[in-house]
Protein chains: 2
Amino acid sequence: MSESPQFTTPAVLDDIDRDIIARLHENARISNVELASAVGLSPSSCLARVRSLRERGIIIRYTAEIDPRALGFSLQALVSVRIRPGARHLMGQISDELRQQPEVAQLFFLGGAEDFLIHVRVRDADHVRRFVLDNLSANPAVALTETNLVFEHHTALSAGLRTPL
Amino acid sequence: MSESPQFTTPAVLDDIDRDIIARLHENARISNVELASAVGLSPSSCLARVRSLRERGIIIRYTAEIDPRALGFSLQALVSVRIRPGARHLMGQISDELRQQPEVAQLFFLGGAEDFLIHVRVRDADHVRRFVLDNLSANPAVALTETNLVFEHHTALSAGLRTPL
DNA sequence: CTTGAAAGTAGTCAAGC
DNA sequence: GCTTGACTACTTTCAAG
């Protein structure tokens, strides 16, 4: 539950486990009896597997996906950031600070020219401008930033879950 | 349930609705009675609000967040794509095809120099190379691609705006 | 892994405030 | 909009095969 396994080697999962994972990924609120009958198990075995997947950290958490526009966050942007070469050791700290900002939805650490990419949700163009100024440009460790507006954002419902390996 | 409201104007939500959203975002499997007592409502009123949020599309879906490494997807990458100017009308079709690939976790439509950015989960470097070759470079509508490896990926758990998986 | 049973808990709906 | 109360369904745990 509180562990964070590294999965250097893929976890041992059989076809039923993969089926359970896929179905919970599509609908985290499916009832245990319905899930059990869908994957061909008894409710008790199914529940034991789900609990094991959760305890092993394979199921990280259950979450409701919220439309940000309903909360007044109508604009999304991707901000790529390059850190000054002499300030790379500050990346962990900068990342921690960024992740505490309510605008930050995702943070990617990258290889290549840019050091990281920030997915932000904001009210409007002025909001993203202020976010970049206050949280990035003002930091002397930041060499440069580039902001791209997001017109559409899609999250796939089955990334690698239906046809694993 | 099947509608996709645009929220050109933010939806009308009171503080209790926002509280419900935040708590379901943190734990989509919280029981209705526990949620009700947490936000100070009776179970029936709470359930009615949750159902309304779901029907209005404010709660998009409930999903289990899965650790991709457990399924053998140990590498992540961001692939930015530019479409040939004369082929922009094909972007919708290309997007639909991409979203059906099991490797695609997220798809961003962008303003600016690049047309979209793809977040992929793959087994290894060879897998991402083949993904780009087969799904992008082979398409004559694609002008150029750029692949960046992802060293770390964090999704923020803030204000009900996190993106699952 | 399964079934079956028991006890506790949660979801649903109707009636009314 | 809200609540209460009753009914139904689900979950959980157990023992036994």
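Order of the sequence lines sets the chain letters (A, B, ...), proteins ahead of strands, with each chain counted from 1.
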- Taking the inter-plane angle between the rings of A:H119 and B:F108 on a 0 to 90° scale, is it parallel (under 30°), tilted (30 to 60°) or perpendicular (over 60°)? perpendicular
- Atom CD1 of B:I20 to atom P of D:dG1: distance rounded to whole Å? 11 Å
- Please figure out whether A:S44 or B:R51 has its closest DNA chain C nucleotide nearer the 5' end. A:S44
- Task: Quickly work out the B:N32 CG to D:dT3 P distance and round it to whole Å.
- Result: 12 Å
- Between P of D:dT13 and CG of A:L47, the distance in whole Å: 8 Å
- Should the ring pair B:H154 and A:F109 be called parallel, tilted or perpendicular, given that the plane angle runs from 0 to 90° and is split at 30 and 60? perpendicular
- Task: State whether the number of non-hydrogen atoms from other residues, nucleotides or ligands found under 6.0 Å of A:R88 atom CZ is greater than 12.
- Result: yes
- Message: In this structure, how many angstroms lie between the P atom of C:dC1 and the CG atom of A:D15, rounded?
- Response: 14 Å
- Give a yes/no on whether any side-chain N or O of B:S42 is located under 4.0 angstrom from OP1 or OP2 of D:dC2. no
- Name the residue closer to the 5' end of DNA chain C, choosing between A:R29 and A:P43 according to the nucleotide with the nearest heavy atom. A:P43
- In whole angstroms, the gap separating C1' of D:dA9 from CD of A:E34 amounts to 13 Å
- Task: Give A:S31 one of three labels, base, sugar-phosphate or nothing, depending on what nucleic acid heavy atoms sit under 4.0 Å from its own.
- Result: sugar-phosphate
- Roughly how many Å is it from CG in B:L35 to P in C:dA10, rounded to a whole number? 12 Å
- Decide yes or no on side chain to side chain contact (heavy atoms under 4.5 Å, CB included) for B:E152 and B:Q76, but give the supporting numbers first. CA-CA 8 Å; B:E152 282 184 45; B:Q76 302 179 59; over 6 Å; no
- Task: Find the distance A:I30:CD1 to D:dA9:P and express it as a whole number of Å.
- Result: 18 Å
